[in-house]
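One structure below.
Source: prediction; values computed, not measured. Numbers here simply count residues along the sequence, with the first being 1.
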Amino acid sequence: TPDQHYRTVALMKKTRKRYGAILIELGYLRAEDLICTVKHQVEEIILSLFQWQDGEYVFTEGDLPSEESIILKLSAANIIYRGIKGIDDPSYIKNVFLPMDTILYYSADPINLFQNIDLDKTDKDILLKIDGRRTVQDILSSSPLDNFQTLKTLYALMKIGIIEIVEKEIEEDRTFEEIIKEPVIKIDSAFAEKVEDFYKKCRCIDYYNILGIEKGAGQQEIKKAYYKTAREFHPDKHFSLSSETLKGKLNTIFSYLTEAYKTLSDVKKREKYDRSLFDEAAAPMGQNVDMARLRFEEGREAFSKGSYTASADLFRQAVYIDSSVADYHFHLGLALKKEKRLREAHDAIQRALKIDSSNANYIAELGHIYLHLGFYLRAKSAFEKALKFDSSNERAIEGFQIIGRHSRIQS
């Protein structure tokens, strides 16, 4: 109520606590409802931006507050879709949309088809009318919605990449339901085991086996195999999972699947890949070493650009080709740490230390992983060990400073 709001605001100013925290203290909001309420509030704030005709913004660089932040899992595609659907200015949609004789079809990039989007029945009815032959005018004529609502739906679907313009009519006779029919997936121990098995398998088999096809497979068979597997393992289908480890493995699996599809569906890339399979089978050890080094350098480049998932995949390939190089394992650990996959990062750096046990950088980074996990005694021991090998190691010194601040706060 307004009275509850004013009382909450007064306490906010007095105590400098967050609005939501005071609502809970006063009994106006249950603690278990806070996340749902904050998520709704944030979504509404973002969605309101879609009504703006113009605006300005300021970007302030710096660290995000870590202790009080609530991490929300929102689908960007769904936000964009809902935002465009909420626009109530017909002139805007009319100005940005396409000629009436434009032919639309589903994206040629299957990645766009598996985004986490809430579609209602009328949205799906419109999608089912898109067949690569009907024009925009044809779709408007048979749509269950009025022209403005239909154009908004089509425009929103285009902006999130589910549909796109085609130059000529599509001969394929497939419906939207056939392309992205939802599989029935239970998130239980059996699914977790399936993810784990596929995760292990895709790290050591070729692209054909990843998609479950023969080497002579045609383009339609490749696409069909990708749709089938991607439907089940696409991270967006499981972005609300509580297990960060499981989500990390799904990201890795989907990265492999996508790379396999992009390679095998492109004639030139496929020819080059097939030659590399032959060369790899016949190559002496020296060439494998070169290939591992190449993957490692590509991984470092991706890491420097902030593409941590891609860099982890490349480092993993380097490790698979040549597991004798400690630096490959170490950099894989760094990439996994960036993705918050701390247990896997710990294991990767431990493998690096088995090869080079006196490397102070490896030991210090292991200490920082222990810090993130809350194991301060283990971290302290790791930093002490690192400084024995290198008394000026910056990461170890930084680690001791963090431990010191933590101790002062605790006391």
Side-chain angles (χ1 to χ4, degrees), residues 108-111 113-114 179-181 183 185 190-238 245-285 287-296 298-299 302 309-324 328-329 332 335-336 341 344 347-348 351:
D109 187 347
I111 299 171
L113 301 178
F114 300 99
I179 292 176
I180 63 168
K181 183 179 180 181
I185 301 174
F191 177 71
E193 288 178 12
K194 191 170 186 179
V195 171
E196 183 66 35
D197 289 343
F198 201 98
Y199 173 75
K200 291 178 179 177
K201 182 176 72 171
C202 69
R203 294 169 62 182
C204 56
I205 59 177
D206 63 43
Y207 289 164
Y208 292 98
N209 282 308
I210 285 174
L211 294 175
I213 56 177
E214 298 295 330
K215 289 189 177 179
Q219 290 301 313
Q220 286 304 314
E221 190 177 350
I222 292 169
K223 186 178 288 187
K224 186 176 180 181
Y226 177 79
Y227 286 152
K228 179 182 177 182
T229 315
R231 276 201 304 267
E232 186 169 12
F233 294 107
H234 196 301
D236 270 8
K237 295 292 183 185
H238 311 288
T245 300
L246 194 61
K247 285 195 293 184
K249 290 179 178 178
L250 282 169
N251 279 317
T252 299
I253 288 171
F254 191 68
S255 178
Y256 276 111
L257 286 171
T258 302
E259 183 61 31
Y261 172 76
K262 286 185 174 180
T263 300
L264 298 184
S265 60
D266 183 290
V267 175
K268 290 183 178 179
K269 287 183 179 179
R270 184 176 182 180
E271 289 176 353
K272 184 178 179 180
Y273 178 72
D274 288 344
R275 286 197 301 272
S276 74
L277 289 180
F278 177 79
D279 293 341
E280 190 174 330
M285 182 59 69
Q287 290 185 26
N288 282 340
V289 169
D290 291 340
M291 188 179 296
R293 169 58 61 176
L294 177 62
R295 292 289 179 270
F296 176 67
E298 289 173 346
T309 299
S311 66
D313 290 339
L314 289 162
F315 291 141
R316 192 175 283 109
Q317 290 176 39
V319 167
Y320 175 71
I321 297 169
D322 184 2
S323 62
S324 66
Y328 297 171
H329 296 280
L332 173 59
L336 292 170
R341 294 157 64 180
E344 293 175 73
D347 294 344
R351 288 192 291 271

salt_bridge(Asp313, Arg316) N-O dist < 4.0 Å: yes
In terms of heavy-atom contacts, Phe254 and Tyr226 come closest through CZ-OH, 3.2 Å
Which distance, rounded to the nearest 0.5 Å, do you find between the NZ of Lys228 and the CG of Leu211? 11.5 Å
Shortest non-hydrogen separation from Glu344 to Tyr199 and the atoms involved: OE1-OH, 3.1 Å
Working for side-chain contact (heavy atoms from CB on, under 4.5 Å), residues Asp206 and Tyr273: CA-CA 10 Å; Asp206 63 43; Tyr273 178 72; 3.2 Å; yes
Within a strict 4.5 Å, meaning less than it, do heavy atoms of the Tyr328 and Arg293 side chains meet? yes
Does Glu259 come within less than 4.0 Å of Lys262, counting only side-chain N to carboxylate O? no
Can you name the closest pair of heavy atoms from Arg351 and Leu332 and give their distance? NH2-CD2, 4.4 Å
Can you tell me if Asp274 and Tyr207 form a side-chain donor-acceptor pair at under 3.5 Å? no
If I compare all heavy atoms of Ala335 with all of Ser311, which pair ends up nearest, and what's the gap? CB-OG, 3.5 Å
What's the shortest heavy-atom distance between Leu264 and Ile222, and which atoms? O-CD1, 3.5 Å
Heavy-atom donor-acceptor pair, His329 side chain to Ser323 backbone, under 3.5 Å: yes
Search all heavy atoms of Lys223 against all heavy atoms of Tyr261 and return the closest pair with its distance. CE-OH, 3.7 Å
Taking side chain to side chain donor-acceptor pair (under 3.5 Å) as the test, write out the residues that go with Thr229, two or more places apart. none
